[in-house]
Amino acid sequence: MPAAAAPIISSVQKLVLYETRARYFLVGSNHAETKYRVLKIDRTEPKDLVIIDDRHVYTQQEVRELLGRLDLGNRTKMGQKGSSGLFRAVSAFGVVGFVRFLEGYYIVLITKRRKMADIGGHAIYKIEDTNMIYIPNDSVRVTHPDEARYLRIFQNVDLSSNFYFSYSYDLSHSLQYNLTVLRMPLEMLKSETTQAPQARQESFDIFEDEGLITQGGSGVFGICSEPYMKYVWNGELLEIIKNTVHRDWLLYIIHGFCGQSKLLIYGRPVYVTLIARRSSKFAGTRFLKRGANCEGDVANEVETEQILCDASVMSFTAGSYSSYVQVRGSVPLYWSQDISTMMPKPPITLDQADPFAHVAALHFDQMLQRFGSPIIILNLVKEREKRKHERILSEELVAAVTYLNQFLPPEHTIVYIPWDMAKYTKSKLCNVLDRLNVIAESVVKKTGFFVNRPDSYCSILRPDEKWNELGGCVIPTGRRQTGVLRTNCVDCLDRTNTAQFMVGKCALAYQLYSLGLIDKPNLQFDTDAVRLFEELYEDHGDTLSLQYGGSQLVHRVKTYRKIAPWTQHSKDIMQTLSRYYSNAFSDADRQDSINLFLGVFHPTEGKPHLWELPTDFYLHHKNTMGLLPTRRSYTYWWTPEVIKHLPLPYDEVICAANLKKLIVKKFHKHEEEIDIHNEFFRPYELSSFDDTFCLAMTSSARDFMPKTVGIDPSPFTVRKPDETGKSVLGNKSNREEAVLQRKTAASAPPPPSEEAVSSSSEDDSGTDREDEGSVSQRSTPVKMTDTGDSAKVMENVVQPMKEVYGINLSDGLSEDDLSIYSRFVQLGQSQHKQDKSSQQHCSKCSEGVIKLTPISAFSQDNIYEVQPPRVDRKSTEIFQAHIQASKGIMQPLGKEDTSTYREYIRNRYL
């Protein structure tokens with residue numbers, strides 16, 4: 001039985017900023033506008049931020065009275081209605097934070113948002129527009145000549161580009177972490193509520209104890225966890241108010257990518273969600289941020305999570321959810337590239353000698369704490385070069401991993417997989433994706449994946465060999481992923497995205513199999529499901545590439561499948577030129593903006609300005625500005641608590657240190673802070689189907705399945721590479737060719753499985769030689785048969801119908817089948833009025849058939865007999881009480897009615 005816990009929904013989702021001459025009043029409410037909170041911001045301080053939060057929850061009537069008194073008290077003359085003393089400045093949906101440069105503070109508000117995904121009823125929004133408002137009034141403002149320049153640099157970080165937030169779902173953590181927290185034992189939650197006196201004070205209610213007792217202890221624990229600050233981008237902006245305001249005012253945002261599509265499996269909706277979290281530590285642009293800093297944070301570190309959920313059931317406790325996490329990041333060494341030479345590929349240099357792999361140890365210690373073991377490194381950097389360039393990184397990384405592994409327990413060592421992807425891409429006889437599929441299978445088997453339900457009974461009846469070999473941690477309530485794949489090339493863009501797609505595709509097959517949606521954990525290319533997933537990953541790769549490299553992907557999955565159209569080559573050239581221009585001319589300004597936004601640089605009077613610094617190396621490497629207090633051991637390089645709980649990640653272990661990161665509060669079962677049904681469906685407002693998110697999102701049936709009638713609607717059917725819902729067939733001959741192609745594909749034996757295709761390359765996947773083998777059949781479209789083979793094609797079409805349906809269409813029907821069909825026709829005719837001519841026409845066919853006559857007293861139904869429903873005793877009593885109430889005779893209220901009324905009064909007015 002799952003624990004009675006639910007995520008706490010923020011009660012500040014709509015904000016209105018009111019302005020007076022001396023103060024700003026920020027009024028926040030929940031979406032239903034039944035509970036309000038008020039922040040008072042002082043405008044008379046020129047450089048300090050003074051915020052007062054009374055932590056009181058107002059009703060709508062109380063807020064109106066408060067604003068009315070403020071308006072009346074701030075007018076210039078009493079009784080003057082023409083000039084209001086309280087102005088409505090702006091409406092918003094959240095506070096990004098507060099920032100100060102050289103003058104006073106600014107407040108950054110989210111003014112436009114757009115829903116991007118839905119996970120278990122929890123909405124994920126993308127920031128569409130923001131507003132930056134200066135807090136001090138003009139009378140106390142102290143101007144500075146460089147303030148405007150800092151403001152422009154700060155606003156160069158486009159908050160409307162790929163920044164996401166949620167009011168009820170923690171985007172900085174994985175789904176596995178969030179659901180593991182909700183499944184904590186009730187004893188732990190009760191102990192946490194007793195240790196939090198402030199929670200008791202905030203939830204005080206006159207009916208609380210009595211209501212919980214009368215309902216048999218039906219309270220629900222609400223849980224809110226601290227975000228993982230590594231992936232939070234406005235942590236520095238909220239730091240100044242973190243300890244002075246209620247937690248509902250703190251809205252943490254992430255940067256990266258979020259996309260969701262709907263996979264329709266014979267009408268059953270399954271949501272496929274892709275979330276990428278970009279690290280805010282050592283963040284920057286392509287050539288200006290390479291390698292790692294002194295704290296083990298690497299450049300271009302992105303955590304990608306794919307979530308699969310059955311959308312027919314919304315609840316976290318009753319629904320089916322699965323997720324898989326993988327990471328990309330720069331090689332964890334001290335290295336850089338000098339861009340002053342204006343070369344397309346600047347030389348790689350190692351900046352510092354690190355014989356004891358100190359920075360790599362810090363990095364992998366972080367990964368062991370968050371993901372558990374094993375940590376698998378997929379290194380796609382070139383290994384053989386005429387001039388030593390990328391190979392420098394491979395040699396140093398091998399030395400670092402070898403050094404660190406000799407001190408780890410053998411069962412938790414770091415797995416290192418080198419594979420020169422660029423060399424195999426140039427070969428015309430080797431299929432890159434087949435080799436990647438072999439690696440993906442081995443990786444997923446070692447790490448496993450997360451699913452919140454136990455193995456289905458069908459998998460026990462029909463066990464699969466691959467399923468039994470799956471790793472991870474098996475628990476009574478499902479499976480947990482232990483360990484993670486860390487993929488890197490030099491830039492962690494093109495090659496890395498393709499490798500992550502192949503691993504994600506392999507994991508997606510296991511996820512679908514675990515939810516009982518496919519019979520084998522295997523997915524083929526050119527199916528609607530894989531096309532939908534590939535489009536998600538391409539959008540994901542383009543977005544991350546624009547953020548770090550300044551252009552979209554140059555090499556895509558179709559490029560490595562060698563089925564890309566010839567026009568793609570010109571696009572690749574343009575993307576390469578765009579990336580080079582961005583790196584040469586605009587990356588320095590973008591890096592300054594990121595440093596200012598993340599609080600890496602703080603403007604200070606009397607110190608050099610941001611644009612006067614020759615480099616930002618000293619800002620990101622704190623050990624250059626002072627001596628470190630302690631240095632880690634060269635041999636015991638891990639955190640002791642982390643190594644004790646491996647292979648489980650330490651962050652998900654129930655211990656005292658992790659319990660301190662949780663906020664646990666007990667609610668009534670109908671409280672709005674935990675009622676996700678009310679938050680998702682919003683029965684208090686008018687909904688329009690045109691604006692419904694689930695109908696507008698990308699769908700496999702609408703956007704990928706061919707529109708021709710008579711095809712298999714399954715999203716797991718292999719189709720022609722160019723036959724999608726988005727493609728338009730040409731002339732008549734092309735349509736006939738497409739129809740014949742589908743018939744041939746339907747009648748032909750199924751394509752070889754990925755295990756069979758990849759078995760030939762499995763033996764030598766770790767070597768460097770290139771085999772003279774045939775190209776995989778999945779990378780080339782199926783060729784059409786000649787006209788002379790039409791008889792064979794028709795034979796292939798008819799034969800499988802006998803195997804699948806048990807009947808040949810060319811054979812005549814038997815007498816028994818004709819009699820059954822005649823009875824079926826007669827039943828259909830008896831439901832509707834038929835004219836005499838049609839009855840006479842069918843009289844010969846209906847001889848000996850029993851004629852049924854409708855005896856229903858209702859004229860519009862089509863059934864043959866109607867019996868009045870039996871009314872139970874309780875319903876009869878309710879009806880009689882209703883009749884008595886109309887006469888003024890009221891029935892006495894029971895305990896349940898009293899409890900319900902008290903809950904209604906408390907939720908509505910208290």
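This chain uses plain numbering: 1 for the first residue, then up along the sequence. The shown structure was predicted, so the numbers you read here are calculated from the model rather than taken from an experiment.
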Asker: L646 and E411: side chain to side chain contact (heavy atoms under 4.5 Å, CB included), yes or no, with the steps?
Answerer: CA-CA 9 Å; L646 290 180; E411 64 273 15; over 6 Å; no

Asker: Can you measure from OH (Y164) to OH (Y169) and round to the nearest 0.5 angstrom?
Answerer: 15.0 Å

Asker: Using atom types as modelled and distance alone, determine if a side-chain donor or acceptor of Q481 lies under 3.5 Å from a backbone N or O of V325.
Answerer: yes

Asker: Under 3.5 Å, is there a donor-acceptor pair between the side chain of H363 and the main chain of V359?
Answerer: no

Asker: Search all heavy atoms of L493 against all heavy atoms of S545 and return the closest pair with its distance.
Answerer: CD2-CA, 3.8 Å

Asker: I'd like to know whether E441 forms a side-chain hydrogen bond (donor to acceptor under 3.5 Å, both in side chains) with Y510, so could you lay out the CA-CA distance, the side-chain angles of the two residues, the decisive distance to 0.1 Å, and finally the verdict.
Answerer: CA-CA 10 Å; E441 286 284 350; Y510 281 99; 3.2 Å; yes

Asker: Students often mix this up, so state it plainly: with edges at 30° and 60°, are the rings of Y231 and Y228 parallel, tilted or perpendicular?
Answerer: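 Plane angle between 30° and 60°, so tilted.
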
Asker: Tell me, with the steps shown, if K289 and D616 meet salt bridge (charged side-chain N to carboxylate O under 4.0 Å, His left out).
Answerer: CA-CA 10 Å; K289 285 292 164 284; D616 64 349; 2.9 Å; yes

Asker: Quick one, V232 and M229 - any side-chain contact, counting heavy atoms below 4.5 Å?
Answerer: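 In short, these two side chains touch, coming nearer than 4.5 Å.
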
Asker: Can you tell me how far apart NE2 (H173) and CG (L175) are? Round to the nearest 0.5 Å.
Answerer: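 Spacing of NE2 (H173) from CG (L175) equals 12.5 Å.
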
Asker: Take Y321 and Q511 through the side chain to side chain contact (heavy atoms under 4.5 Å, CB included) test and state the conclusion after the steps.
Answerer: CA-CA 9 Å; Y321 295 86; Q511 291 176 281; over 6 Å; no

Asker: Going by distance alone, is a donor N or O of one side chain under 3.5 Å from an acceptor N or O of the other, for R328 and N497?
Answerer: yes

Asker: Tell me the closest heavy-atom pair linking L598 and A283, and the distance in Å.
Answerer: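 That would be CD1-CB, 3.9 Å.
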
Asker: Are F154 and F597 an aromatic pair by the rule of ring centers under 6.0 Å?
Answerer: yes

Asker: Are the side chain of W335 and the backbone N or O of I348 linked by a donor-acceptor pair below 3.5 Å?
Answerer: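 Looks like no, no N/O pair under 3.5 Å.
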
Asker: Is there a donor-acceptor contact under 3.5 Å from the side chain of N234 to the main chain of L251?
Answerer: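 Between the backbone of L251 and the side chain of N234 there is a qualifying donor-acceptor contact (under 3.5 Å).
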
Asker: Quick one: CZ on F356 to OG on S633, what's the gap to the nearest 0.5 Å?
Answerer: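 OG of S633 is found 10.5 Å from CZ of F356.
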
Asker: Answer yes or no: is there a side-chain heavy-atom contact under 4.5 Å between F371 and E303?
Answerer: yes

Asker: Of all heavy-atom pairs between Q366 and E295, which one has the smallest distance, and what is that distance?
Answerer: NE2-O, 3.1 Å

Asker: If we ignore angles and hydrogens, is there a donor and acceptor under 3.5 Å between the side chains of Q369 and D365?
Answerer: no

Asker: Would you say S225 and D170 are linked by a side-chain donor-acceptor pair, where the criterion is simply a distance under 3.5 Å?
Answerer: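 The criterion, which ignores hydrogens and geometry beyond distance, is satisfied for S225 and D170.
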
Asker: Determine whether S261 and F533 satisfy the following criterion, side chain to side chain contact (heavy atoms under 4.5 Å, CB included), listing intermediate values before the conclusion.
Answerer: CA-CA 8 Å; S261 297; F533 190 65; over 6 Å; no

Asker: Please report the closest heavy-atom contact between A509 and P521, naming both atoms and the distance.
Answerer: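 Taking A509 first and P521 second, the nearest heavy atoms are CB-C, 3.6 Å.
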
Asker: Which value, rounded to the nearest 0.5 Å, describes the distance between L350 atom CG and E396 atom CD?
Answerer: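 Here the interatomic distance stands at 5.0 Å.
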
Asker: Treating R479 as the side-chain partner and S322 as the backbone partner, does any N or O pair qualify as donor plus acceptor under 3.5 Å?
Answerer: no

Asker: Parallel, tilted or perpendicular: which one describes the rings of Y636 and W638, with boundaries at 30° and 60°?
Answerer: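 Y636 and W638: perpendicular rings.
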
Asker: Establish, for the pair K505 and Y537, whether the NZ or CZ atom is under 6.0 angstrom from the six-membered ring centre and no further than 45 degrees off its axis.
Answerer: no

Asker: Do V432 and M421 make a side-chain contact, defined as non-hydrogen atoms from C-beta onward lying under 4.5 Å apart?
Answerer: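 SC-SC contact between V432 and M421 confirmed.
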
Asker: Taking the side chain as C-beta and beyond, is there a heavy-atom pair between Y416 and T402 under 4.5 Å?
Answerer: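 Y416 vs T402: side chains apart.
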
Asker: When you check the side-chain N and O atoms of N488 and N379, is any donor under 3.5 Å from an acceptor?
Answerer: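 There is such a pair between these side chains.
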
Asker: Once rounded to the nearest 0.5 Å, what's the spacing between atom CE of M116 and atom NZ of K126?
Answerer: 6.5 Å

Asker: For F163 and V96, what are the C-alpha separation, side-chain angles and deciding distance, and is it a side chain to side chain contact (heavy atoms under 4.5 Å, CB included)?
Answerer: CA-CA 11 Å; F163 284 89; V96 176; over 6 Å; no

Asker: Salt bridge or not between E301 and R370? Use side-chain N to carboxylate O under 4.0 Å.
Answerer: no

Asker: Keeping the roles fixed (side chain from S166, backbone from I124), state whether a donor-acceptor pair exists under 3.5 Å.
Answerer: no

Asker: Taking side chain as C-beta onward, heavy atoms only, is R486 less than 4.5 Å from V298?
Answerer: yes

Asker: Taking D491's backbone N and O only, do any of them form a donor-acceptor pair with N300's side chain (distance below 3.5 Å, no angle check)?
Answerer: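 Flag set: sc N300 to bb D491 pair under 3.5 Å.
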
Asker: Okay, side chain of N405, backbone of I414: is any donor-acceptor separation there less than 3.5 Å?
Answerer: yes

Asker: Please report the interatomic distance CG(L436) to CG(L378), rounded to the nearest 0.5 Å.
Answerer: 7.0 Å

Asker: For T304 and H540, which I'm curious about, is there any donor-acceptor pair between the side chains at under 3.5 Å?
Answerer: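 Result is yes, a qualifying pair exists.
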
Asker: Can you see whether Y252 engages E226 through a side-chain donor-acceptor pair at a distance of less than 3.5 angstrom?
Answerer: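 Not at all, the side chains of Y252 and E226 share no donor-acceptor pair under 3.5 Å.
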
Asker: Considering only heavy atoms from C-beta outward, does the side chain of H389 approach that of K382 to under 4.5 Å?
Answerer: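 Not touching, per the 4.5 Å side-chain cut-off.
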
Asker: Between the main-chain N or O of R278 and the side-chain N or O of W233, is there a donor-acceptor pair closer than 3.5 Å?
Answerer: yes

Asker: Return the minimal non-hydrogen interatomic distance between L362 and G296, and the atom names on each side.
Answerer: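 In terms of heavy atoms, the two residues are closest at CB-CA, 3.9 Å.
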
Asker: If you take all heavy atoms of C492 and S330, which pair is closest and at what distance?
Answerer: SG-N, 3.8 Å

Asker: Using 30° and 60° as the class limits, which term best fits the ring planes of H621 and F282: parallel, tilted or perpendicular?
Answerer: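 The arrangement is perpendicular - the two ring planes meet at more than 60°.
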
Asker: Carefully, step by step, assess K423 and E383 under the rule salt bridge (charged side-chain N to carboxylate O under 4.0 Å, His left out).
Answerer: CA-CA 9 Å; K423 185 185 74 171; E383 295 180 346; over 6 Å; no

Asker: Looking only at the aromatic ring of each residue, does the gap between the centers of W419 and Y424 stay below 6.0 angstrom?
Answerer: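 Centroid distance Y424-W419: below 6.0 Å, so yes.
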
Asker: Look at E395 together with K388 and state whether they make a salt bridge at an N to O cut-off of under 4.0 Å.
Answerer: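 A salt bridge is present here (some side-chain N lies under 4.0 Å from a carboxylate O).
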
Asker: Would the distance check show the side chain of N658 and the main-chain N or O of Y650 forming a donor-acceptor pair, the cut-off being under 3.5 Å?
Answerer: yes

Asker: Side chains of N162 and L546: closer than 4.5 Å at any heavy-atom pair?
Answerer: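 No, their side chains stay 4.5 Å or more apart.
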
Asker: Are P418 and L397 close enough that some pair of their side-chain heavy atoms sits under 4.5 Å apart?
Answerer: no

